[in-house]
Protein chains: 4
Amino acid sequence: MANTADTPRSGRGRRPAAQVRERVLQAAADLLFDGGMKAVTFERVADAAGASKTTLYKWWPSAGALAAEAYFRRVEPALSFPDTGDIEADLKSQLHAFVELITERGGGGVIAELIGASQGDAALSAALSQTYSLPRRSLAVQAMERARSRGQLRPGVDLSMIVDQLWGACYHRLLLPGEPITHDFADALVENALYGAAPMPRQAATSSSRE
Amino acid sequence: MANTADTPRSGRGRRPAAQVRERVLQAAADLLFDGGMKAVTFERVADAAGASKTTLYKWWPSAGALAAEAYFRRVEPALSFPDTGDIEADLKSQLHAFVELITERGGGGVIAELIGASQGDAALSAALSQTYSLPRRSLAVQAMERARSRGQLRPGVDLSMIVDQLWGACYHRLLLPGEPITHDFADALVENALYGAAPMPRQAATSSSRE
Amino acid sequence: MANTADTPRSGRGRRPAAQVRERVLQAAADLLFDGGMKAVTFERVADAAGASKTTLYKWWPSAGALAAEAYFRRVEPALSFPDTGDIEADLKSQLHAFVELITERGGGGVIAELIGASQGDAALSAALSQTYSLPRRSLAVQAMERARSRGQLRPGVDLSMIVDQLWGACYHRLLLPGEPITHDFADALVENALYGAAPMPRQAATSSSRE
Amino acid sequence: MANTADTPRSGRGRRPAAQVRERVLQAAADLLFDGGMKAVTFERVADAAGASKTTLYKWWPSAGALAAEAYFRRVEPALSFPDTGDIEADLKSQLHAFVELITERGGGGVIAELIGASQGDAALSAALSQTYSLPRRSLAVQAMERARSRGQLRPGVDLSMIVDQLWGACYHRLLLPGEPITHDFADALVENALYGAAPMPRQAATSSSRE
DNA sequence: CGATAAACGAGACGGTACGTCACGTCTTGCC
DNA sequence: GGCAAGACGTGACGTACCGTCTCGTTTATCG
């Protein structure tokens, strides 16, 4: 009943690993995009891909990890960070792209489910970190480092924290729904991260905290 | 006539609802705190509480929703927001308490798992919003409104966005691990949210500055 | 959702027992005739009759017993045994009526299910014996006693055994399907019960067997 | 490397089907013989046999069908029909054995419950027909055919009907209790089936019925 | 170039949990 | 005081996956 592909199934014996992997990831992505994470089951993926559960267990530590790989294989991350020389514009541009991703296309739900499933699935958590969150954080930090060297950011600021403040705010609204995720919201995030909410600049900008 | 002492419940007939609920929530909390979300199963909770699955299904739409109620019943939210007149101090104080919650005690993992499970469990998501995230967001916004009326925050700022920028940053590090969640991080979050990362105040802010 | 009757349900207080019984038996018969024995459940009957399970438990020892009473209430046994003076004709007439009952109308399945359920339901078994099988056996035996006194049956024959040989044969084909139950079959049963399958009358018709 | 001796089965993987079937049937028979049909539950059998419910569902369509197979596996049918050349003696011998089975040993109740459960359990009904009633009917009919060819039975008699008249009479008393099932009863059944209850042989033994 | 070993599909297996249904017992509240 | 309403513990139902394991087949590799 399975076997959605057109290739007539070469039989039972050994087949090239790459070919099997490809079919599996295709099937997993299909299931993921119209059924969510809970449709990505070793059982169902094996059936849909014409593969065997044993094979899946050999290559992926959990159904979540398989779903993650299938997802990123399909959406082709396109990891790049513009550098126009204006950090405010660059941050806004990136954040707009992110807002686009998690609101427009079905991607938002999938990302949310992946992050959700990664709590309590160590393998998926590791895969997400390595493939998704760490590279993105790193790119953003590097861009801000360049901006800081150009004098667009104060020297003492923790750049990684700013990543949390921008993207984390979006994830917050994605994972704990209740407030909308809009482009205006993205702009406000960047502006506030740069200029702050206080009416006046800090009087003595040097003081550290918790002393 | 039988069991006067230790077995407080005799047989099969109807028992007071409140009593059953209490036992169920106790059992669910126990399972949750030493086994995580995946230990909170209708099956196991019913068994541990001496209740019946049917009863659980009548009162809770999903195991996740039951876990959430059991969690909040036990950790007694203590929802309050200090108002010392100094919004920076108040925000830091609250954020420190939050950092404390999700790092020190076992609460962090549980909260993370609850949020994780709420992706893909609409009932749990609704329960979390209503019981947890919305009230907290509301308290913080109200405190900042008071601060704004005192002139400590610029009039045009979206206060709800600041909540996302502060707490969302912490959730970001909680749910997509890789960077530590520390008290210094909390302080830096508040300071940057108030004063921004740009070296100079906003250019258009000509009215007053360090001139 | 229940409450199929048109009477608008008189409320919650006490109601005349006879009225309640009537509604319950009607509802049970309805369920029985289009759903078989497995549809006659205390739960469903109570719901359909607008009665309470408590009430049903007070009056019937098991769902099977309730089904039996509902069945016999509806099909009105019409217990009578003709006596035309010709025992062969009378037996055939009765057996044809029985064949009619268990083949034509849906009665056959219900009777079979009742007998089936009575294995393992002592209350139903007792009810069936008392209401159904014993009276019928008794009527047939009495008719044959009259025939014997007229010289139409040999003196030494066990008349109750003949009942088993006639009706039991039909039940056999009803309960262990495989052979059809027809009117020819009924005729053959009566004829063989009267004249035997041996080609000649018993050689020494007086001698007993097992010697 | 582990469990060399007492625990013949280690873990979760696949095990030889025949082995599992054997254990399941043993457990089912045990439950059946001291608890009746209502003790033969997929749940309990699976537990007692150390098997999984899924496995049982794959091999048996209903708990009743499983019980039937377990029963016949244990009581080893020993299907044989003597042929001494005297049909009266042979029929009595077989009927005595049947009476023995359903009265002496616990078999009677089990058979009755199996037949009972087969009403409303199509799978069990089919299994009973195929394994139990049809072969037995066939053996008896064949024996009577041989007797008829020897001239011990009249040519026109429906032999299958005689099976119903003999065994059906016993089932009648088994399933609708009220009259005892004895060896004298068995003898009387055979004698009446052969020689009839009428005082004289049929006047015109050739007439057919219902014309 | 033919034997061997690796990898595969298929799927049965022991489990755990699901969500539902009915049982028989019990309490509450209405009439 | 009796009844409806219905919640309760119990236990079975039939299904879905899990992760492990056996089997037979096919293919690539190496002696």
Side-chain angles (χ1 to χ4, degrees), chain A residues 2-3 9-17 19-20 38 40-47 49-59 61-63, chain B residues 9-17 19-20 38 40-47 49-59 61-63, chain C residues 2-3 9-17 20 38-47 49-58 61-63, chain D residues 9-17 19-21 38 40-47 49-59 61-63:
Chain A
N3 200 1
R9 279 284 292 102
S10 50
R12 228 158 50 159
R14 180 177 185 177
R15 287 189 293 152
Q19 176 185 333
V20 176
K38 68 180 183 304
V40 182
T41 293
F42 275 164
E43 203 99 18
R44 290 194 213 171
V45 173
D47 190 51
S52 124
K53 285 201 297 175
T54 312
T55 306
L56 306 197
Y57 277 105
K58 277 185 184 163
W59 283 339
S62 72
Chain B
R9 279 301 114 204
S10 54
R12 295 218 288 218
R14 183 177 185 177
R15 292 189 293 154
Q19 196 174 105
V20 175
K38 69 179 182 302
V40 182
T41 291
F42 275 161
E43 201 101 20
R44 289 195 212 172
V45 172
D47 191 52
S52 104
K53 283 199 296 178
T54 312
T55 304
L56 304 197
Y57 279 105
K58 275 185 185 160
W59 282 341
S62 72
Chain C
N3 202 0
R9 279 282 295 104
S10 52
R12 216 141 75 143
R14 181 176 185 179
R15 289 188 291 149
V20 175
K38 69 180 182 303
V40 182
T41 292
F42 275 164
E43 204 97 20
R44 290 194 212 172
V45 173
D47 190 51
S52 127
K53 285 201 296 174
T54 314
T55 306
L56 304 197
Y57 276 104
K58 278 186 184 161
S62 73
Chain D
R9 280 301 115 205
S10 55
R12 295 216 289 217
R14 183 177 187 177
R15 292 190 292 153
Q19 195 175 106
V20 175
R21 280 184 70 90
K38 69 180 181 302
V40 182
T41 291
F42 274 162
E43 202 100 21
R44 288 194 214 172
V45 173
D47 192 52
S52 104
K53 283 200 296 176
T54 312
T55 303
L56 305 197
Y57 280 105
K58 276 185 185 161
W59 282 341
S62 72

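Residue numbering restarts at 1 for every chain, and letters A, B, ... go by the order of the sequence lines.
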With distance as the sole criterion, do the side chain of D:Lys53 and the base of E:dG15 form a donor-acceptor contact below 3.5 Å? no
Note: D:Trp59 and D:Arg21 closest approach over all heavy atoms is CZ3-CG, 2.9 Å
Which is more 5' along DNA chain F, the nucleotide nearest A:Val40 or the one nearest D:Val40? Just name the residue. D:Val40
Grab the OH-P distance between B:Tyr57 and F:dG6 for me, whole Å please. 22 Å
Hey, which of these two, D:Ser52 or C:Pro61, hits DNA chain E nearer its 5' end, going by closest nucleotide? D:Ser52
Quickly work out the B:Asp47 CG to F:dT10 P distance and round it to whole Å. 9 Å
For the side chain of C:Thr54 and the base of E:dC26, is some donor closer than 3.5 Å to an acceptor across the two? yes
If you round to the nearest 0.5 Å, how far is OG1 of A:Thr41 from CG of A:Asp47? 11.0 Å
Spacing between B:Gln19 atom CD and F:dA7 atom P, to the nearest angstrom: 17 Å
What's the NZ-P distance between C:Lys38 and E:dC23, to the nearest Å? 14 Å
Among E:dC13, F:dC18, E:dG19, the one nearest D:Trp59 by side-chain distance: E:dC13
Under the rule for side-chain contact (heavy atoms from CB on, under 4.5 Å), what residues qualify as partners of C:Ala39, not counting sequence neighbours? C:Arg44
Provide, to the nearest angstrom, the distance between the CG atom belonging to C:Leu56 and the P atom belonging to F:dG6. 15 Å
Phosphate oxygens OP1/OP2 of E:dT16: is one of them under 4.0 Å from a side-chain N or O of B:Arg44? no
When you measure from the side chain of B:Thr55, which nucleotide among E:dG24, F:dG9, E:dG14 comes out closest? F:dG9
Partner set under side-chain contact (heavy atoms from CB on, under 4.5 Å) for B:Lys38, not counting sequence neighbours: none
Between CD of C:Glu43 and P of F:dA4 the distance, given in whole Å, is 15 Å
Taking atom C1' of F:dA5 as reference, at what distance in whole Å does atom CZ of C:Phe42 sit? 17 Å
Do B:Ser52 side-chain atoms and B:Thr54 backbone N/O form a donor-acceptor pair below 3.5 Å? yes
